[in-house]
Trainee: 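Before we start, here is the structure in question, set down as structure tokens.
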Amino acid sequence: MNPLTSEILAGQRAAEDSDAPSEAPGGPSAIDEVAEQTITTTDDRTDDAHAVPFRDLGVSDTICQALEAEGIFKTFPIQALALPIALGGYDIIGQARTGTGKTLGFGIPLLQRLADGEPAAPKSPHALVVAPTRELAIQIADDLRMAGSGLGTRVLTLYGGRAYEPQIEALRAGVDVVVSTPGRLLDLVGQRHLELGHVQMLVLDEADKMLDLGFLPDVERILQLTPDSRQTMMFSATMPGEVVTLARRHLQRPTHVRAETQDAPAAVPQTQQHVFRTHQMDKIEILARLLQAEGRGLTMVFTQTKRAADQVAGALKTRGFAVAAVHGDLGQGQREQALRAFRAGKVDVLVATDVAARGLDVDDVTHVVNFECPDDEKTYLHRIGRTGRAGKDGVAVTFVDWRDMQRWKLIDTALNLGQAEPAETYSTSDHLYTELGIAREVTGTLPRALRSRAGLDAEAVEDIGETGGRGAPHGGRGGSGGGGRGRNRSRRDRGPGGDGHTTGSGGHDDTPRERKPRTRRRTRRGQEVGAEGATAASGAASAPAAADGQGPTAKAAEAGKGGAAGSGRTRRRRSRGGQSAAAHEGHAAATHEDHAASHDGQSSAAS
């Protein structure tokens, strides 16, 4: 198929508009249009006919100059097909393999249409991009900032794990484009910090992943909060039936753009795929040797669970490899730290769950390893799609345990890989070294002479004000982090005022402090007791009793004349059984004398 130019597609859309029926966008005609307006092309990257310069597709000079500064001059097939339609303001369903440039396929029209129009509300966002994962949202925002560097477009990324306050302040200052995950977006809308009533363009990226994560109800709500007159673009590598139903319900006569034919292989042709049947106890040994293959660059290792990711990362670290882990149990600051270190080359092995399998674009990833068999063919494609991107070569290796053979056969049949029965492989198998280019003298430990990476600790953890979760940079209860008041802290660890602050270089002040005298304040019946033992005012009711010497004040004064007179303090009256303590003691003394006298009389009679 010849490359499609903007004139051809503009004429095609004009003819469709003239023949379009008058039914509503959600009626039966819209369902038919999804099937009829489908444009496909082959995705042979060796054919230069599909590499169309961006300038030939009507892209503005400012955006072209920003792309050329990054070494991007020509389009990929999905971009050549989608740009003319999107620049015309029409709805699109874009489908292409992962790693084929879908981000610029919707990002360039979004930026150019914003630059050409006059916003009605300068502080409200006029373009919205919804992504399923935090990492993908960050990457999309970075690509938009790169392409729109000469336009001054204000791009804001919203996602969970970060503090609300900086995001709210940025929204109040005004933004042009919001790139967000569904959860945080709806949170800010519910708090009335974000208004979607002025959105002119809406992009749903990796729509099938949103389906897998259960985000479709949230996406439905977001679509309902935006104006009906918006332009909607939906991009993904696969299109399940639920996603197509969503498109039929909310898109207005969309054009379904496919960057490959129906019988084209689902994986990128530049990626070499190897499958080995391995034993669970021998996987680490095989992986350690694979990471010493000739020409290996950055490598991503995928596991099924978060616990397995930590275990694999720990095992590789003890063997001398510079490794980092990314999964959902880590705090957002630690996840971003690991990705920054991986992109910068401070670590060359990234062990991750499927949270990093969607849309994550890192240059020079040469190898992808499925440490555990994926769940289905879609997960397999997205995992191995982290390598062989933008026309580069890559290597994908999959370890299949005996218990996973049935699942792997389903994946092999769905993708027509021709490897339904992988070879039984151990860390000593000759074909492992031959197929992957591993030197025969390699062992399971990286030699010290080759440990040149700075490591994860060389990348600082950014304080992003995390809202919770494991791995937060601040110390918790009883922890050793930052200034918190743990339950094991002694009184000496606190400052002079007992406020939890410490002094000195070591965090403690061992200087003895002078003990302050304690002042006591005694009260009786709500009134302060004086030094003479009388109250400041006894009240009218107790005045007669005090005059007769029977009131409590008088009795207290008498008691004060006794043993407590020298102390200067008034003794309180004690009572037992309703009688005063003095009367009770007198009665006890008299009884004791009577018993003594009786005892003496009995003794005399006996003698």
Side-chain angles (χ1 to χ4, degrees), residues 70 99 131 133-143 145-146 157 159-162 284 287-288 290-293 295-303 306-369 371 383 385-387 389-390 392 394-395 445-466 469-474 481:
E70 298 293 329
T133 63
R134 303 172 183 178
E135 287 72 21
L136 180 56
I138 295 173
Q139 179 179 297
I140 292 173
D142 291 339
D143 291 342
R145 293 188 185 99
M146 178 271 296
T157 311
Y159 53 89
R162 280 183 174 263
I284 288 293
L287 179 60
L290 185 155
L291 294 178
Q292 301 177 63
R296 182 191 71 85
L298 301 182
T299 303
M300 297 185 70
V301 181
F302 287 101
T303 61
K306 294 172 281 190
R307 181 181 179 183
D310 286 335
Q311 291 176 343
V312 173
L316 292 178
K317 186 176 181 180
T318 58
R319 295 170 182 263
F321 295 95
V323 60
V326 173
H327 54 74
D329 272 357
L330 295 178
Q332 185 61 29
Q334 290 182 309
R335 290 164 65 171
E336 295 185 16
Q337 175 201 22
L339 290 175
R340 288 197 306 271
F342 187 59
R343 286 191 169 97
K346 297 178 181 179
V347 299
D348 59 345
V349 182
L350 185 69
V351 184
T353 56
D354 288 329
V355 70
R358 284 297 185 116
L360 190 63
D361 189 7
V362 180
D363 294 335
D364 302 326
V365 175
T366 60
H367 289 65
V368 168
V369 180
F371 191 81
R383 284 184 179 183
R386 300 313 100 203
T387 186
R389 301 178 70 86
K392 298 181 180 179
V395 178
T445 302
L446 185 67
R448 295 188 177 273
L450 301 179
R451 303 178 186 182
S452 58
R453 304 278 179 172
L456 181 62
D457 295 337
E459 185 69 32
V461 179
E462 180 185 1
D463 185 5
I464 60 176
E466 297 184 46
R470 289 178 54 187
H474 303 291

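In this chain, numbering begins with 1 at the start of the sequence shown.
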Trainee: To check you understand the geometry: which heavy-atom pair defines the closest contact between Ala338 and Val326, and what is its length?
Mentor: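 Nearest pair, atom of Ala338 first, then Val326: CB-CG2, 3.6 Å.
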Trainee: Could you check whether any side-chain heavy atom of Tyr159 comes within less than 4.5 Å of a side-chain heavy atom of Thr133, counting everything from C-beta outward?
Mentor: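 They are not in contact (no side-chain heavy atoms under 4.5 Å apart), so the answer is no.
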Trainee: Under a 3.5 Å cutoff, is there a donor and acceptor pairing between the side chains of Glu135 and Gln139?
Mentor: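 Checked: Glu135/Gln139 side chains show no N/O donor-acceptor pair below 3.5 Å.
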Trainee: Is there a donor-acceptor pair under 3.5 Å between the side chain of Thr299 and the backbone N or O of Gly297?
Mentor: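 Present.
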Trainee: For Ile140 versus Ala131, what's the shortest heavy-atom pair and its separation?
Mentor: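 Looking at all heavy atoms of both residues, the closest pair is CD1-CB, 4.1 Å.
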Trainee: Tell me, do Arg453 and Val347 make a side-chain contact under 4.5 Å, heavy atoms counted?
Mentor: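 They are not in side-chain contact.
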Trainee: Working note: Leu339 + Leu350, criterion side chain to side chain contact (heavy atoms under 4.5 Å, CB included); need CA distance, chi angles, decisive distance, verdict.
Mentor: CA-CA 8 Å; Leu339 290 175; Leu350 185 69; 3.9 Å; yes
Trainee: Where is the tightest heavy-atom contact between Ala324 and Leu456, given as atom of each residue plus distance?
Mentor: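 Smallest interatomic distance, heavy atoms only, reads CB-CD1, 4.0 Å.
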Trainee: Start with the C-alpha gap between Asp354 and Arg383, add the side-chain angles, then the distance that decides, and say whether side chain to side chain contact (heavy atoms under 4.5 Å, CB included) holds.
Mentor: CA-CA 8 Å; Asp354 288 329; Arg383 284 184 179 183; 2.8 Å; yes
Trainee: Can we say Arg307 and Asp310 salt-bridge, meaning some charged N sits less than 4.0 Å from an Asp/Glu carboxylate O?
Mentor: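 No salt bridge links Arg307 with Asp310.
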Trainee: Quick one: are Thr157 and Asp142 in side-chain contact, heavy atoms under 4.5 Å?
Mentor: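 Sidechains of Asp142 and Thr157: no contact.
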Trainee: Check step by step if salt bridge (Lys or Arg N to Asp or Glu O under 4.0 Å) holds for Asp364 and Lys392.
Mentor: CA-CA 8 Å; Asp364 302 326; Lys392 298 181 180 179; 3.6 Å; yes
Trainee: Taking atom CG of Leu446 and atom OG1 of Thr318, what is their separation to the nearest 0.5 Å?
Mentor: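 These two atoms lie 11.5 Å from each other.
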Trainee: Starting at CG of Leu287, measure out to CZ of Phe321 and round the result to the nearest 0.5 Å.
Mentor: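 Leu287 atom CG to Phe321 atom CZ measures 7.5 Å (nearest 0.5 Å).
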Trainee: Could you tell me which residues satisfy side-chain hydrogen bond (donor to acceptor under 3.5 Å, both in side chains) with Lys317, sequence neighbours excluded, listed by chain and number?
Mentor: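 Once residues adjacent in sequence are excluded, Lys317 has no partner under the side-chain hydrogen bond (donor to acceptor under 3.5 Å, both in side chains) criterion.
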Trainee: Measure the spacing between CZ of Arg319 and CD of Gln292 and express it to the nearest 0.5 Å.
Mentor: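 Between Arg319 CZ and Gln292 CD, I get 10.0 Å after rounding to 0.5 Å.
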Trainee: Among residues at least two apart in sequence or on other chains, which ones pass side-chain hydrogen bond (donor to acceptor under 3.5 Å, both in side chains) with Asp348?
Mentor: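 side-chain hydrogen bond (donor to acceptor under 3.5 Å, both in side chains) check on Asp348 returns Arg296.
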Trainee: Only one of Gln337, Arg340, Arg343 forms a side-chain hydrogen bond (donor to acceptor under 3.5 Å, both in side chains) with Glu459, so which one is it?
Mentor: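 It is Arg340; the other options fail the test.
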Trainee: Grab the two heavy atoms, one from His327 and one from Ala309, that are nearest each other, plus how far apart they are.
Mentor: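 Between these two residues, the closest heavy atoms are CD2-CB, 4.1 Å.
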Trainee: Looking at every heavy atom in both Phe371 and Val312, which two are closest together, and how far apart are they?
Mentor: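 For Phe371 versus Val312, the nearest heavy atoms are CE2-CG2, 3.7 Å.
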Trainee: Output the distance between atom CZ (Arg335) and atom CZ (Arg134), rounded to the nearest 0.5 Å.
Mentor: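 Here the rounded value is 5.0 Å.
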Trainee: Just how far is it from atom NE2 of His367 to atom CG of Leu291, taken to the nearest 0.5 Å?
Mentor: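 Rounded to the nearest 0.5 Å, the NE2-CG separation comes to 8.5 Å.
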